[in-house]
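Please read all numbers here as calculations on a predicted model, not as lab measurements.
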Amino acid sequence: MSEEDRGPFVDWALLGETPEAGTPAKLDLKDLKQQARQGQWSRSHALRCQAYRHLIGAVPCRAVTSDAAVYRDLMAGAAQRPASAFPLPDFVDDSPVPRYALRAEAVASVHRVLSCVAGQFPDISHCPALPAVAALLLHFSGDEAACFELTGRLLACNDPGRRLLDQTYLAHRSSCMTFGDLANKHCPAAHKLVVERAARDAPEVYGDWQRWVLGDLPFGHAARVLDVFLVEGYKVLYRVALALLKLYRKHKAGAGAAAGGGAQPAPPPPQQEAAAAAVREDIQAFVRNIGAAVTPEKLLEKAFSIRLFSRKEIALLQAANERSLQQKGITVKQKRRNVQLSLNPDTFSSEIFSAKEMRDVWAWIPERFALCQPQLVFTTATHGCSLNRFYSHCEGHEPTLLLIRTTAGEVCGAFLSTDWEERKRGGNKLSFFGTGECFVFRMKPEMERYEWVVIRHPELASAVKTGGQEGSGEVGGQNSNGSSSLQQPERPAGELSPFLAARHFNLNSRNTSMFMAGSFDSIIVGGGEGNALYIDSELNHGRTGSCTTFDNPPLCSESFQVALLEVWGFQDTMAPE
C-alpha cells in the first residue's frame, strides 16, 4: 500500500475509522461520473486517493508547472518549522485552514504548501477557496510535495472551457453575483428569506457562498462534493451551495413554525449591517452542523435535483457580471489600511453611518488624514435645513465629508478637499473649485467610490502648465493673479498627484475638473454634462446624475428628498490642545 493510501496526515480517531490494511481495490476507470455521484470512493480511502491522482493528473496544464520535485527542493528543511513561520498568503483573503479530519500538526503542512504556491504561482491574486481545497487534498496525499503538486495542477489548468478555481478578485466577485442571480431564479423562497432578513446587504451574505461548500461543510460532505467537482467541474459548487440555501430555508421555516413566528420585517438602515452579519453567522452554523440532519447523499441528491442553467448559460451570465464589474472599475480588492485608531466607536455618533461604514470610507481618504478623528460640524437634525447655516458651520473646515440619507433610505456622499469658503472667490458667479482628491460614493446596495476621472484615465492630463497658462476661476476655482503656478515634480509615467488642483494640468475638457461649487441657492458636487450631486437652498430636495468629472452613475434615485444631511470635519488628534 502506498504512502498516500495510508493517509499519514489523517486523524483516524476523528473519522471513527482505522487505516485500511491489505491491498486496496483498483480504481475502475469506466464511468467515473457515476462512481463520483454514487459515492463509491467514499467506501475506501485508498480508492479515493487513486481517483484523485488520476483525475487531477489528467487536468490539462501549462507546459511548465511546478511539481512535487520542485516543492522538495524549495522546502527542504522546512518541515520542522511551525505554521506561524508560514503565514497564509494575502490571496486567501483571511480564509482559515479548516482542519477537517487532519491531525493537529498537519495544519502546518497546509500552511507550508500554500506558502510555496504563493511563490510558484505569482499570478494568483485572490483565491479564498484554496486553504480548504489544499486541506482536503492533504488527506489523500503521501507527503506535502504530493499535495502541492495536486493543488498546483488545479491552479495551472489551461483548458479555456474548464473552470476550476477562481484566482482573481474579479472572477470571485462575479461568481458571487452569479450565485445571487441563480438563487433568485432557482431558490426564490430562500432568496426572499435572505432579503427579508439582510435587506440590501443580501449580496454580502451571498459573498460567502464558496465558503459554505469549501470550508464550512463537515469533512464527509466536503469530500463527496470534491469527488463530483473533480469530475464535473465548477457548476457542482453552484449546485451544492443552492442546495444548502434551500435546506437552510427549510430549517428556518421549521424553526419559525415551532416558535409560532412569521416573516420578519426588514431592519432599519442602521441595523442592516448587524442583520446581515447575523444571517451570515446563522448560515455558517447551519452548514457546519448539517451532518446531524442531512447526509452527504441527501445533500448531493438535493443539489442535482435543481434544474439549473446549462454550463454555457452560466458561463455567459458570469461573463456578463464580470463586464459589469469592469465597467464600474471593480477588478481588484482594495487593500485598506487599518484605521481602527482613527475612529472611537464609543464617542462616534452618526444618524446616517454606522461605525463600520465610517471606517470603510475612512480607508478611502488621503493618507495624511487617516489618523484624524471625525468631527461633526453640521447636521440638519440639529442645525436645520438652511444653506446659510450650512456654510457658516462648514467654513474653516478642510477637508470635509458630506453624507446624505434620502427618504427612501439610500445613502451617498462625497469627500470634499477644499474649504467651502473658496466659493466666495467667484463673487456672485457660480464657479467650481477643489482638487483631484475629491470623490463621490454610494453605500447601498453596494459600496462604491468614484474618483476624479483623470486619476483613472491619466491620458486626460498632459504636461504641467507654466506661468501665464493658468485656467480661469470658473474651471479650477482659482482666479489668475499673475503669480507663477506650482510646478509639478517629475513623476513616473501615468502617475498623478491628485492633491494638485485641476489648473496644474492641461485637460482636454474643462468638464473633467468641476469638483465642487456653491452659491446662495445650491451646492453642487461634480460637474460636466450633469452633476453627481445637487442640493437646493433648503437642503431638502436634490438630484444626482452622471458627470464627466467623476464618470459616475447616479448615486441614488435621480430625484430625491433629503431625510438627513451631515458634514464631518477632520480633527487632528496629534495637534496640541
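Closest non-hydrogen pair, Ala132 versus Gly215, comes out as CB-N, 3.8 Å. Of all non-hydrogen atoms in Ala243 and Ile306, the two that sit nearest each other are N-CD1, 3.9 Å. The two atoms that bring Ser324 and Met177 nearest to each other are OG-CE, 4.4 Å, heavy atoms only. Leu138 approaches Ser109 most closely through the heavy-atom pair CD2-CB, 3.8 Å. Residues Leu114 and Pro89 approach most closely at O-CG, 3.5 Å, considering heavy atoms. For the pair Leu88 and Ser95, the tightest heavy-atom approach, listed with the atom from each and the gap, is CD1-O, 3.5 Å.
Between Glu144 and Arg72 there is no salt bridge, since none of the side-chain N atoms of the basic residue sits less than 4.0 Å from a carboxylate O of the acidic one. Salt bridge present: Glu297 and Arg224 bring a charged side-chain N and a carboxylate O closer than 4.0 Å.
Rounding to the nearest 0.5 Å places CG of Leu155 at 8.0 Å from CZ of Arg62. With rounding to the nearest 0.5 Å, the separation of CG in Asp208 from CD in Glu281 is 10.0 Å. Taken from CH2 in Trp12 to CG in Leu14, the straight-line distance is 11.5 Å, to the nearest 0.5 Å. Distance check, rounded to the nearest 0.5 Å: SG of Cys176 to CD of Glu204 gives 9.0 Å. A distance of 5.0 Å separates CD1 in Ile314 from NZ in Lys235, rounded to the nearest 0.5 Å. Once rounded to the nearest 0.5 Å, the distance linking OG of Ser44 with CD of Gln50 reads 7.5 Å.
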**Study point:** Test log, rule side chain to side chain contact (heavy atoms under 4.5 Å, CB included), inputs Gln284 and Arg211
**Key:** CA-CA 9 Å; Gln284 183 181 56; Arg211 183 170 178 175; 3.5 Å; yes

Review point. Could you walk me through whether Cys49 and Trp41 pass the side chain to side chain contact (heavy atoms under 4.5 Å, CB included) check?
Key: CA-CA 9 Å; Cys49 291; Trp41 306 331; over 6 Å; no

Exercise for review: Output, in order, the C-alpha distance, side-chain angles, deciding distance and verdict of side-chain hydrogen bond (donor to acceptor under 3.5 Å, both in side chains) for Asp143 and Tyr71.
Suggested key: CA-CA 11 Å; Asp143 57 17; Tyr71 183 89; over 6 Å; no

Review point. Can you list the steps and then say if Asp216 with Arg288 is a salt bridge (charged side-chain N to carboxylate O under 4.0 Å, His left out)?
Key: CA-CA 5 Å; Asp216 291 335; Arg288 286 180 172 177; 3.4 Å; yes

**Study point:** Chi angles and distances behind the salt bridge (charged side-chain N to carboxylate O under 4.0 Å, His left out) call for Arg449, Glu451
**Key:** CA-CA 6 Å; Arg449 170 180 61 159; Glu451 297 178 285; 3.7 Å; yes

Exercise for review: Carefully, step by step, assess Ser546 and Asn552 under the rule side-chain hydrogen bond (donor to acceptor under 3.5 Å, both in side chains).
Suggested key: CA-CA 5 Å; Ser546 58; Asn552 62 284; over 6 Å; no

Practice item. Test Thr406 against Val411 for side chain to side chain contact (heavy atoms under 4.5 Å, CB included), laying out the working first. Key: CA-CA 7 Å; Thr406 72; Val411 175; over 6 Å; no

Exercise for review: Check the pair Lys185 / Asp181 against salt bridge (charged side-chain N to carboxylate O under 4.0 Å, His left out), numbers first and verdict last.
Suggested key: CA-CA 6 Å; Lys185 169 73 175 178; Asp181 294 334; over 6 Å; no

Exercise for review: Start with the C-alpha gap between Lys302 and Val294, add the side-chain angles, then the distance that decides, and say whether side chain to side chain contact (heavy atoms under 4.5 Å, CB included) holds.
Suggested key: CA-CA 10 Å; Lys302 186 78 171 177; Val294 181; over 6 Å; no

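The closest donor-acceptor contact from the side chain of Arg153 to the backbone of Gly57 lies under 3.5 Å. No donor-acceptor pair closer than 3.5 Å links the side chain of Gln40 to the backbone N or O of Gln35. Distance alone, capped at 3.5 Å, is enough to place a donor-acceptor pair between the Gln318 side chain and the Ala171 backbone. Checked by atom type and distance alone, the side chain of Arg442 never pairs as donor or acceptor with a backbone atom of Glu448 at under 3.5 Å. Remark: side-chain polar atoms of Ser174 are not paired, donor with acceptor, to backbone N or O of Glu322 under 3.5 angstrom. Side-chain atoms of Thr151 come within 3.5 Å of backbone atoms of Cys147 as a donor-acceptor pair (strictly under, hydrogens ignored). In terms of modelled atom types and a separation under 3.5 Å, the side chain of Thr544 and the main chain of Leu555 share a donor-acceptor contact. Remark: the backbone N or O of Leu102 is paired with a side-chain donor or acceptor of Arg99 at under 3.5 angstrom. No donor-acceptor distance shorter than 3.5 angstrom exists from the side chain of Asp282 to the backbone of Ala285, with no hydrogens or angles considered. Glu313 places a side-chain N or O within 3.5 Å of a backbone atom of Ser310 that can act as its donor or acceptor partner.
The ring of His139 has its center no closer than 6.0 angstrom to the ring center of Phe9. Taking the centre of each ring, Phe86 and His111 stay at or above the 6.0 Å mark. Annotation: Trp212 is in aromatic contact with Phe179 [ring centroid separation under 6.0 Å]. Between Phe286 and His251, the gap from one ring centroid to the other is short of 6.0 Å.
Aromatic ring pairs are classed by plane angle as parallel below 30°, tilted from 30° to 60° and perpendicular above 60°; the pair Tyr234 and Trp209 is perpendicular. Between His191 and Tyr206, the ring planes are parallel. Angles under 30° get that label, and only those over 60° would be called perpendicular.
Taking the side chain as every heavy atom from C-beta outward, Trp364 and Phe441 approach each other to under 4.5 Å. Side-chain atoms of Ser141 and Phe148, non-hydrogen and from C-beta on, never get closer than 4.5 Å to each other. Side chains of Cys187 and Arg249 form no contact here, defined as non-hydrogen atoms less than 4.5 Å apart. Looking at Leu564 and Leu403, their side chains never come closer than 4.5 Å, going by heavy atoms from C-beta outward. Two residues are said to be in side-chain contact when any heavy atoms from C-beta on lie closer than 4.5 Å; Leu137 and Leu226 meet this criterion. No side-chain heavy atom of Cys412 sits less than 4.5 Å from a side-chain heavy atom of Met443. Within the 4.5 Å cutoff, no side-chain heavy atoms of Asp93 are placed close to those of Tyr169. Between Leu316 and Phe309 there is no side-chain heavy-atom pair separated by less than 4.5 Å.
Within a 6.0 Å sphere centred on CG of Asp94, other residues, nucleotides and ligands contribute 12 heavy atoms or fewer. Heavy atoms of other residues, nucleotides or ligands lying less than 6.0 angstrom from CZ of Arg311 number 12 at most.
Each of Ile290, Val287, Leu242 was compared with Leu247 under the side chain to side chain contact (heavy atoms under 4.5 Å, CB included) criterion, and only Ile290 meets it.
With hydrogens and angles left out, the side-chain atoms of Gln167 and Ser125 include no donor and acceptor closer than 3.5 Å.
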